[in-house]
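For the numbers below, each heavy atom of this structure counts, side chains included, while hydrogens, waters and symmetry mates do not.
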Amino acid sequence: MYRAAVITLSDKGAAGLRADMSGPAAARMLEETEEYMIEETLLIPDEPERLKRELVRLSDEAGVDLILTSGGTGFSPRDWTPEATMDVADRNAPGISEYMRARSCEITPKGMLSRGVSVIRGKTLIINLPGSPKAVRENLGFILPALSHGLEILTGRGGECGREG
């Protein structure tokens with residue numbers, strides 16, 4: 001099993017003004033695959049410095065294999081999740097987010113407005129998901145079939161294999 005963490009970024013959720021269901025939706029989807037064990041879930045305000053601290057802690061200290069963030073990927077003045085994520089990255093993994101955006105655009109042209117990124121820090125894959133539960137379910141659903149293979153290679157639990165065909 002891969003160890004995962006989910007961070008939900010929501011000012012109103014963190015202040016207790018509304019229930020934010022996007023992070024719980026992501027955690028449920030991971031658990032349902034039976035390939036992931038949720039080590040930690042967090043609900044924090046849209047504060048880049050706080051997010052960076054949590055990403056570093058979960059990657060470097062807790063040693064989780066996968067971190068999913070939800071929220072803070074749009075055009076709002078408080079949406080800084082991609083920038084905070086890039087600030088802690090060792091390497092970029094753009095194909096994941098590019099694929100999510102492309103598939104989202106098949107559902108709605110608004111999919112192009114997501115600024116989420118996917119990166120690697122050490123042996124941890126960090127993926128930014130949108131902030132709505134519906135968009136989380138769609139986007140995570142797009143990438144789940146390939147995620148375990150990427151994590152297998154990243155964490156050294158399996159060998160790299162070429163494309164079929």
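- Among S10, S132, S22, the one residue that satisfies the side chain to side chain donor-acceptor pair (under 3.5 Å) test with S70 is S22.
- A distance of 13.0 Å separates OH of Y2 from OG1 of T124, quoted to the nearest 0.5 Å.
- Within the hydrophobic cluster formed by Ile, Leu, Val, Met, Phe, Trp and Tyr side chains joined at under 4.5 Å, directly or through other members, L55 is accompanied by I7, L9, L42, I44, L51, V56, L58, V64, I67, M86, V88, V117, V119, I126.
- With a 6.0 Å radius and a threshold of 12 heavy atoms from other residues, nucleotides or ligands, E106 has its CD atom above the threshold.
- With 3.5 Å as the limit, one finds a donor-acceptor pair spanning the side chains of S118 and S97.
- Screening R3, K123, R157 against D65 for a side chain to side chain donor-acceptor pair (under 3.5 Å) leaves a single residue, R157.
- Taking 4.0 Å as the cut-off between side-chain N and carboxylate O, R78 and D11 count as a salt-bridged pair.
- Classification of E54 and R50 as a salt-bridged pair holds, one side-chain N sitting under 4.0 Å from a carboxylate O.
- One finds a salt bridge joining K134 and E138 here, because a Lys/Arg side-chain nitrogen approaches an Asp/Glu carboxylate oxygen to under 4.0 Å.
- With D60 as the partner, the salt bridge (charged side-chain N to carboxylate O under 4.0 Å, His left out) test is satisfied by one option alone out of K52, R121, R53: R121.
- Taking a 4.5 Å side-chain heavy-atom cut-off between Ile, Leu, Val, Met, Phe, Trp and Tyr, the cluster of F75 extends to M112, L113.
- Scored by the side chain to side chain contact (heavy atoms under 4.5 Å, CB included) test, P94 finds N92, E98 as partners (sequence neighbours excluded).
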